[in-house]
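Encoded as structure tokens, the structure appears first; notes follow it.
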Number of protein chains: 2
Amino acid sequence: MGRTSTARERLLDAACDLLRTRGYADVGVAEICARADVRKGSFYHFFESKQALTLEVVDAHWHRQRADWLATLRAPDRPALARLEELFRSLTGIQRATQEEHGAVSGCLLANLALELPAQEQPVRDRLAAVFAEEVDLVQAALAEAAAEGTVRAGAADRDTARAAVAQMEGMVLFAKVTDDPAVLDGLWPQVSRLFGVRGN
Amino acid sequence: MGRTSTARERLLDAACDLLRTRGYADVGVAEICARADVRKGSFYHFFESKQALTLEVVDAHWHRQRADWLATLRAPDRPALARLEELFRSLTGIQRATQEEHGAVSGCLLANLALELPAQEQPVRDRLAAVFAEEVDLVQAALAEAAAEGTVRAGAADRDTARAAVAQMEGMVLFAKVTDDPAVLDGLWPQVSRLFGVRGN
């Protein structure tokens, strides 16, 4: 039993690394198995297909990322604006860590998959769309608190503003990836705070 | 001669379509040749590799897109703010056209490549980084005119603001692709105009 559950986790971890750094089409089941040290026959015991594995990788990745976002966005005894600032400012360090681990800025796994996957991979795209919607929800909830605290413009707590902030985040991560420079992300928060109408902007 | 140059153009057109809708890793030279109706031996007469072809596709795509951007951003006898608004509002129609042509919103070829390509494809990533920098230049130049005309906040004509606007554009195109809904892009200009500090926001 112990060995079985380890094999499944190793496959998920290997797929997460390979999908993030190399993309979906470039990575096959054989390579995932080799990286995870699991026989190919065992793969299909755990997952029906590469697509099924990818859906689980997306869920596992978002499960971890969501926990980080919630720890930041719901930290007690801090103003909502400070929590939002921490979320957006944390991106530089996160992408610097991917650069150190993989030899180059690898960007956001979810966005990488979203732009690579062709229309035929509809189930994965639907799952990614749901995750991005959840990201927007989390930002919008913190914005509503900040609006109640009077630190952002009245009306900033709407869905369009939260979506624009997440879009800007994904676009800036793209620029950090294509230039292999995490410091590009230092420019994110000052611009997002303008969008929120933070006082002083 | 006529036939030769047609074959080269057909290869470029076929590669552009396939890269945009299916991605880089998923598309091979054989398939590009089949789509272009060109023999594989001829391919290597024109291009050294798939990477070399991709660099030319990026250049050809940006050559056309840049001409469209310049026609919009340098239209005579219009306020700079109206020209910027037209650029950002045009995205909905552009992505609707990709949906009609390819059966699904195919997004921005340059961003798709930027997020898919692994670090090993450095020459293409460098070229993409240069193209994104040119996009930021063009937006920044129009913003400088708008600032001089007094229609955006003083200071909006800096590089960080222009980069944030292009980042937001790429992020919103990602959302349009993943939801297969071009109308998502209708929300782009109202949020970008906040970033620019357009009067009334």
Side-chain angles (χ1 to χ4, degrees), chain A residues 21-27 102-108 110-120 122 124-129 131-133 136 153 156 159-161 163-175 177-181 184 187-188 190-192 194-197 201, chain B residues 21-27 102-108 110-120 122 124-129 131-133 136 153 156 159-161 163-175 177-181 184 187-188 190-192 194-197 201:
Chain A
T21 54
R22 297 250 312 281
Y24 185 81
D26 199 35
V27 171
H102 304 297
V105 169
S106 59
C108 163
L110 308 174
N112 295 356
L113 286 172
L115 288 197
E116 181 197 344
L117 288 178
Q120 297 90 295
Q122 198 58 50
V124 187
R125 287 173 79 161
D126 288 346
R127 187 76 196 97
L128 292 167
V131 169
F132 288 123
V136 174
R153 70 176 158 76
R159 193 149 189 83
D160 287 348
T161 304
R163 186 188 294 114
V166 177
Q168 205 177 117
M169 174 193 284
E170 296 296 353
M172 291 293 279
V173 170
L174 185 157
F175 293 163
K177 177 169 177 171
V178 85
T179 56
D180 196 26
D181 181 8
V184 166
L188 178 61
Q191 296 298 327
V192 167
R194 281 194 200 285
L195 204 57
F196 294 164
N201 275 303
Chain B
T21 54
R22 297 250 312 280
Y24 184 81
D26 198 35
V27 170
H102 304 296
V105 170
S106 57
C108 163
L110 308 174
N112 294 356
L113 286 171
L115 289 197
E116 181 197 344
L117 287 179
Q120 299 90 295
Q122 198 58 50
V124 186
R125 286 173 81 160
D126 288 346
R127 187 74 196 99
L128 291 168
V131 169
F132 289 123
V136 173
R153 68 176 159 78
R159 192 150 189 84
D160 287 348
T161 305
R163 187 189 293 113
V166 177
Q168 206 177 115
M169 174 193 283
E170 295 297 351
M172 291 293 279
V173 170
L174 184 158
F175 293 163
K177 178 170 175 171
V178 84
T179 57
D180 196 26
D181 181 8
V184 166
L188 177 61
Q191 296 298 327
V192 168
R194 281 194 201 285
L195 204 59
F196 294 164
N201 275 304

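Note that these values count all heavy atoms, side chains included, but never hydrogens, waters or copies made by symmetry. Numbered from 1 within each chain, the chains take letters A, B, ... in sequence-line order.
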Under 4.5 Å from any heavy atom of chain B - which part of Val105(A): backbone
Compare all side-chain heavy atoms of Leu115(A) with those of Lys177(B) and state whether any distance is below 4.5 angstrom. yes
Could you look at Thr161(B) and say if it's the side chain, the backbone, both or neither that has a heavy atom under 4.5 Å from chain A? both
Output for pair (Gln168(B) CD, Gln168(A) CD), nearest 0.5 Å, gives 5.0 Å
State the CG-CZ distance between Asp160(B) and Arg194(A), to the nearest 0.5 angstrom. 9.0 Å
Is it the backbone or the side chain of Leu117(B) that comes under 4.5 Å from a heavy atom of chain A, or both, or neither? backbone
Val173(B), part contacting chain A, at a heavy-atom distance under 4.5 Å: neither
Under a 4.5 Å cutoff for heavy-atom pairs, which residue among Val178(B), Val27(B), Leu113(B) has the most contacts with chain A? Val178(B)
Please test Arg163(A) against Gln191(B) for side chain to side chain contact (heavy atoms under 4.5 Å, CB included), starting from the C-alpha separation and ending with a verdict. CA-CA 9 Å; Arg163(A) 186 188 294 114; Gln191(B) 296 298 327; over 6 Å; no
Thr179(B) OG1 to Phe132(A) CZ distance, which is reported to the nearest 0.5 Å: 10.5 Å
Residues at least two apart in sequence or cross-chain that pass salt bridge (Lys or Arg N to Asp or Glu O under 4.0 Å) with Asp181(B), listed by chain then number, are none
Atom pair CD (Glu170(A)) and CZ (Phe175(B)), whose distance is rounded to the nearest 0.5 Å: 6.0 Å
Between CG on residue Asn112(A) and CG on residue Asn112(B), distance to nearest 0.5 Å: 11.0 Å
Cys108(B), Ala133(B), Ala129(B), Gly107(B): which one forms the most heavy-atom pairs within less than 4.5 Å of chain A? Ala129(B)
The salt bridge (Lys or Arg N to Asp or Glu O under 4.0 Å) partners of Asp26(A) (sequence neighbours excluded) come to Arg22(A)
With chain B, the option among Ala114(A), Ala164(A), Ala25(A), Ala167(A) that has the most non-hydrogen atom pairs under 4.5 Å is Ala167(A)
About how many Å separate CG of Leu195(B) and CG of Leu195(A), when rounded to the nearest 0.5 Å? 6.0 Å
Name the member of Ser106(B), Ala104(B), Gly23(B), Ala111(B) that forms the most heavy-atom pairs with chain A at distances under 4.5 Å. Ala111(B)
